[in-house]
Number of protein chains: 2
Amino acid sequence: MKKHQITIFDIAKELNISKSTVSRALTGHPNVNEKTRKQILDLAEKWDYQKNMSAISLITNKSNIIGIMVPEFLSSYFPNIVIAAQKEAALAGYTMIISQSNESYETEVLNAKVMLSSQIDGLIVSITKETLNYDHLKVFQRKGIPIVFFNRVCEEMIVPKVIVDDYDGAYKAVQHLIQTGKKRIAHLAGPNSLSISKKRLNGYIDALKDNNIPIDEDLIISYDLSPNKVKIYVTHLLNLPNPPDAIFAINDPAAIEAIQIIKTHGLKIPEDIAIVGFSGDYASALIEPSLTTVAQPVSEIGKVAIKMLIEQINRNVEDWKAVTTMLKTNLIIRNST
Amino acid sequence: MKKHQITIFDIAKELNISKSTVSRALTGHPNVNEKTRKQILDLAEKWDYQKNMSAISLITNKSNIIGIMVPEFLSSYFPNIVIAAQKEAALAGYTMIISQSNESYETEVLNAKVMLSSQIDGLIVSITKETLNYDHLKVFQRKGIPIVFFNRVCEEMIVPKVIVDDYDGAYKAVQHLIQTGKKRIAHLAGPNSLSISKKRLNGYIDALKDNNIPIDEDLIISYDLSPNKVKIYVTHLLNLPNPPDAIFAINDPAAIEAIQIIKTHGLKIPEDIAIVGFSGDYASALIEPSLTTVAQPVSEIGKVAIKMLIEQINRNVEDWKAVTTMLKTNLIIRNST
DNA sequence: CTGTTAGCGCATTCAT
DNA sequence: ATGAATGCGCTAACAG
């Protein structure tokens, strides 16, 4: 209930010197007698003095806190990005507030409010599958708090973004399936609200076109990324009069779920039906058969996003740049194809 | 660089009323004319006014921020606890600062400092495998900031703790192995610094004893949880003149790694050698063969830890209680045994 | 119901 | 090299 905090006042009183001198010593200001400085620092150490960042934040209008908002924490994808981002932020002296929205737009809006009142200096975001309105994010821009998007970006906002070449990744994945002799390739696509869904879908379509394989709308299923929906759609695909001989899934969780379902149907992977995922999650290497997947440079994504954000933070609002960094994916061929 | 913030002053000026009235309206105080209240709230909404929590924190000496420190984010275990904790904290109006220490004591100490200066109201912690000195955590107690440990607890600190019955979980796991006819059961144990290691080891030993199976020290390998060490030790076990017919691993990542290594040796699981893990990670269900594991109620752990913490926060320091909540584990029998 | 005032802990002028 | 004074945005105690 009652927190006890050591303040500059306490130290000043104990040492019988002025608060300003203590403050100066603590902030590394040069104009302090070396002996008094040592005294102050020693006492601060002894008493576990920690600056009250709320006070400093109030004065400087800086919190040294960066916010990160991710849509979910279920696969290894976002946690890994968070780790990398946190590491990079720490190097620059920033703490992070992490929030995950559980794929809920409402939670995302709520989290954004919390971030705002926490006086964060900047924000990196990957939106939920439900997010169609961006007012809760545009507020940050208006207030002079820079935003950087990663992975799931907002097309209409002109801010820095870190993405991977989704189109290219999808194209390569499908190209690979075709090269292994597959002809009826289904695509378990993501919701249209996400740009990554559209880009991966386009990569899929163009790869088929370039190989003179007709697009069969029945083989393209757009779903909302709910884990429990995968079963329905994969089963549907398998029960088609002319079932697919391969599935390119929007992400690894979907692909992994698909593998499990296909196995219960007694089909052989990849002989009867091949699978490719997207992202290179930890679990993709564990599943049997191991999953061929379009690996994303997750650590790099987190790192670059933070770097770009800090650049923005250090720039004046009028000098903000809105560059988009596109990173390359890497097709990892395993036993599911 | 320059953040623009709407303040109570701005609203007061625009509406030509006093700051206190604005403040009252914004805090839901009753003594405000309904019409002026509406005016104020509308303008606040329109201008995206957000309270400056730094200022409030400075006055109330409360931040409404809870800190969570976890040792790693590699398996699904800690992320899932974080999700549950965050959910529970949000219900009570708390934001969370999450830090993961990458199993490094030094990082943990650093993170603790950050937490301290962020004026958190309370902290839930699971320590790193390296943590032997607890001064950086005791500071919180001294400052009147409550701590709750979960999973990897500090024995010597008298604070609330949330743990699972590690001894019982281990005992049941080994008992199960014995029932399937295994006689030479190895244990891939954790470092002695962690109480969970000791408890799981004791459960293992007692289960053997109770079944009149002699303890073979050669079959007990204590390691530091580094992912790359598992291979060395499992290979060592397999090359023993009298190799084990089962392995009980301290956690699922180790068990999963073991399965992969054993498969490369051409041994059959569970016929030649059975495996049991601990925790019930997401990946345990995916690996082939699927892993028998002592599942922990992760969501419950996170939830209970936050609940206990908030109770402490709302208590005066002198009324702090140090209850330990022990949750039950659940042996999930799959194909690795 | 509304306005005035003090002060939270600290950095930062301005004095000395 | 040090001290005193100001104010960051806000709440709460005090006056009307």
Check your understanding: Is A:Asn33 touching bases, backbone alone, or none of the nucleic acid, heavy atoms closer than 4.0 Å?
Key -> sugar-phosphate
Point to revise | Below 4.0 Å: OP1/OP2 of C:dG3 and any side-chain N or O of B:Thr21 | key: yes
Check your understanding: Got a salt bridge between B:Glu34 and B:Lys38, using NZ or NE/NH1/NH2 to carboxylate O under 4.0 Å?
Key -> no
Check your understanding: Expressed in angstrom and rounded to an integer, what is the separation of A:Ile40 atom CD1 from C:dC10 atom P?
Key -> 13 Å
Point to revise | A:Lys143 and B:Asp48 ion-paired at < 4.0 Å | key: no
Check your understanding: When the distance from NZ of B:Lys143 to C1' of C:dG9 is rounded to whole Å, what number comes out?
Key -> 13 Å
Review point. Quick one: do B:Lys113 and B:Glu108 make a salt bridge, cutoff under 4.0 Å?
Key: no
**Study point:** Letter per nucleotide, 5' to 3', of nucleotides 6-16 of chain D [B base touched, S only sugar-phosphate touched, - untouched; heavy atoms, 4.0 Å]
**Key:** -BBBBBBB---
Practice item. Take B:Gln5 and A:Gln119 through the side-chain contact (heavy atoms from CB on, under 4.5 Å) test and state the conclusion after the steps. Key: CA-CA 10 Å; B:Gln5 211 195 336; A:Gln119 306 299 116; 3.7 Å; yes
Point to revise | Passing candidate, side-chain contact (heavy atoms from CB on, under 4.5 Å) with A:Ser126, options A:Ile196, A:Ile68, A:Asn151, A:Ile301 | key: A:Asn151
**Study point:** d(NZ, A:Lys62; C1', C:dT12) in whole Å
**Key:** 18 Å
Review point. Hey, does A:Thr36 reach any base, or is it just sugar-phosphate, or nothing, if we go heavy atoms under 4.0 Å?
Key: sugar-phosphate
Point to revise | SB check A:Arg152 A:Glu103 (cutoff 4.0 Å) | key: yes
